[in-house]
Every structure is written in structure tokens, then in C-alpha cells.
*Asks:* 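I have a structure I would like to understand better, so I am pasting it below and will then ask my questions one at a time.
Residue numbers start at 1 and run along the sequence shown.
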Amino acid sequence: MLDAHTRSGGTATAAPPAAATELLLPVPVAPVPAPPVSVLGAAPAGAVARCARVLLSPWSRFSLLVALLAAAGASVLLFEPQHLLADGWPPQLGGASAAVVFAVAYGLCTVAFVPRPLLNLAAGALFGSQLGLGAALAGTVLGAGFAFGLGRVLGQDALRPLLRGRLLTAADGQLSRHGMRSMLAARLFPGLPFWGVNYCAAISRMGWVPFLLATALGSIPNTAAYVVAGAQASAPTSPAFLIALAGIALPMVAAAVLTWRKRHHLRSRKAR
């Protein structure tokens, strides 16, 4: 640093040197541009997600359920699988193996709206009273489980918001809160269609275990009557056949009387 006196007595000051801090000033750095997002790559992913949402929506699943049931009903009308069951299928099997195959086919046929009385008669005619009853009950539980699973997975989310009427709400509440008792009564009551009860229970909040257990227990009397009638069809005057006919007819008469009394009671209440 200079510190000298000039001849005139003044003080000479030299300009300060360049500050070192000037060399440390931050240098602006240009931002590195991010790699461009491929629009062509994002569009297919978005389209796939939208398609997945549409396909998995409640009404899409319900449409699939309707299509499956329509195809099952059409196949029954076209191919008449109940004739295969009545004649014995497959012909190379016999005994317990044939009964197991019959039970699986029985369950699939009930999902396809084949009437259970025909299948029960066929079970008795093909396998006799004891083995036929076991095959028919196993097929009943399998068919009910198939229908319950289809209705629960494909139809419940779409149909539950539609339960707004008083009767529908009451039926749903009864099945949801008292599933075991309600399903047992529905299986014992001969006037209710088997497939209709299955899908009504699937739409409710009823559990799997009460549904299957009540189906198995409640189906025993009616199934046994038809199976025994089928097994004893060659001897229509035998006591077993006559008892089986009584077991078929008496619940129908009782159901008709109860229905008539209930309707008469409702009309009397409305008249008041």
C-alpha cells in the first residue's frame, strides 16, 4: 500500500487494489432443463387406467353378470343338460365317482336355472336314496355358493344403491341382521325360487358361513322327499314312495295356506 507525501505537502493516495471478494461472487448457473415427458408414453398409460376403471365399475360387472346368466339360460334351452343327468353322465363312471361328477354338474345346472326338483328326482333314480341324497345336497350347496359368489362380486355394488323401497329395504335388513334364521326359513319355504333366494342373499350383507350352512340344513327335507321319490319311482305303491309324495305335497299346502292367511290379514288391516 502506498503512503507517500507529495512535494506540495499533500498526501497521495493510490487507488485500492481490486478486492479479492470480487473473485468470489456467485456466478449464475443456467438451470438444466428436465428431460421432456413423452406424451406418447403417458397417453397409453392414461387410457389403460381409464379402461380399467370402466371395466371394473359396478355397472360393468353387473352387465357381465347379466350376460353370464343369459348365456347359461340359453345353453340350458339349447343343449338340455338335464337329460344328460337323468341318463347318467359320464357313462364310464360309477358309484361315488359318478356321484361327485353329478354333484358338480348339479351345481352348475342350478346356476343356469335348471329346476332342482328335476335334478333331485334324477339323483334318486341314478344313485338311490342315500348316495343320491348326498349328491343332491352337495350339488345344492355348490350351486348356491356359485350363485352367491357371482352375485356378491358382480352385482352387489351396482344393486345395493337401488334398495330404496320399503319392502326391499326390509328384506335386505332381515337378511343382513338375521341371515341364518332368514335363510333357513327361505329354504324350508317351497314357494321361493332357489336362484332368486341366492341372488337376494348375495346383494345383502349376509355372510358366507350362515348362507351355506342354512342352505345345507334347510334343503334337507325337500331334497330328501324328491330323491326318495326318484329312487322309488319304479314302485309307486310302496310306503317309501307314498311318504315321499306326502313330504312333497304337505309343505306346498302349508305354504299356500300361510300365504293366503297373510294376504287375508293384510287386506283386513287395509280395510280398517
Side-chain angles (χ1 to χ4, degrees), residues 45-82 85 100-116 118-119 136-187 189 191-219:
V48 170
R50 285 193 298 271
C51 290
R53 284 196 299 268
V54 171
L55 292 177
L56 296 177
S57 65
W59 283 105
S60 296
R61 285 180 284 152
F62 178 70
S63 301
L64 177 60
L65 175 62
V66 173
L68 289 175
L69 295 180
S75 64
V76 169
L77 295 177
L78 291 176
F79 302 107
E80 299 182 350
Q82 62 269 25
L85 296 177
V100 171
V101 175
F102 180 89
V104 175
Y106 184 114
L108 295 175
C109 286
T110 57
V111 176
F113 311 111
V114 176
R116 286 183 60 247
L118 294 178
L119 300 174
L137 285 177
T140 297
V141 175
L142 284 175
F146 290 157
F148 188 85
L150 286 175
R152 180 60 56 91
V153 174
L154 300 179
Q156 186 186 46
D157 293 339
L159 296 181
R160 279 202 65 82
L162 303 180
L163 300 177
R164 299 175 183 175
R166 185 176 62 181
L167 293 177
L168 292 177
T169 304
D172 174 67
Q174 185 70 19
L175 288 172
S176 300
R177 291 190 300 269
H178 310 288
M180 181 72 180
R181 183 175 64 190
S182 302
M183 185 55 53
L184 191 62
R187 296 307 187 192
F189 193 78
L192 298 176
F194 182 76
W195 60 270
V197 174
N198 293 336
Y199 291 112
C200 287
I203 295 170
S204 71
R205 292 189 175 92
M206 186 178 184
W208 277 88
V209 174
F211 172 77
L212 295 177
L213 185 59
T215 297
L217 295 177
S219 300

*Asks:* With rounding to the nearest 0.5 Å, note down the distance linking CG in Leu137 to CG in Leu142.
*Replies:* 11.0 Å
*Asks:* Side chain of Arg177, backbone of Met206: donor and acceptor closer than 3.5 Å?
*Replies:* no
*Asks:* I'd like to know if the side chain of Ser176 reaches the main chain of Arg205, judged simply by a donor and an acceptor atom lying under 3.5 Å from each other, with no hydrogens or angles considered.
*Replies:* yes
*Asks:* Please report the shortest heavy-atom distance between Thr215 and Ala144, naming the atom on each side.
*Replies:* CG2-CB, 3.9 Å
*Asks:* Closest approach of Val111 and Gly143, non-hydrogen atoms and distance?
*Replies:* CG2-O, 3.6 Å
*Asks:* Once rounded to the nearest 0.5 Å, what's the spacing between atom CE of Met183 and atom CG of Leu217?
*Replies:* 12.5 Å
*Asks:* Quick check: closest heavy atoms across Phe194 and Thr110, and the distance to 0.1 Å?
*Replies:* CE2-CB, 4.0 Å
*Asks:* Classify the angle between the aromatic ring planes of Phe148 and Trp208 as parallel (below 30°), tilted (30 to 60°) or perpendicular (above 60°).
*Replies:* perpendicular
*Asks:* Do you know which two heavy atoms are closest between Met180 and Pro210, and how far apart they sit?
*Replies:* SD-O, 3.6 Å
*Asks:* Using side-chain hydrogen bond (donor to acceptor under 3.5 Å, both in side chains), reason through Arg187 and Ser219 one step at a time and then give a plain yes or no.
*Replies:* CA-CA 6 Å; Arg187 296 307 187 192; Ser219 300; 4.7 Å; no
*Asks:* Rounded to the nearest 0.5 Å, how far apart are CH2 of Trp195 and CG of Leu69?
*Replies:* 9.0 Å
*Asks:* Rounded at 0.5 Å granularity, tell me how far CG in Leu154 sits from OG in Ser60.
*Replies:* 11.0 Å
*Asks:* Which pair of heavy atoms, one from Ala186 and one from Val197, lies closest together, and at what distance?
*Replies:* CB-CG1, 4.0 Å
*Asks:* Would you compute the distance between atom CG of Asn198 and atom CZ of Phe146 and round it to the nearest 0.5 angstrom?
*Replies:* 12.0 Å
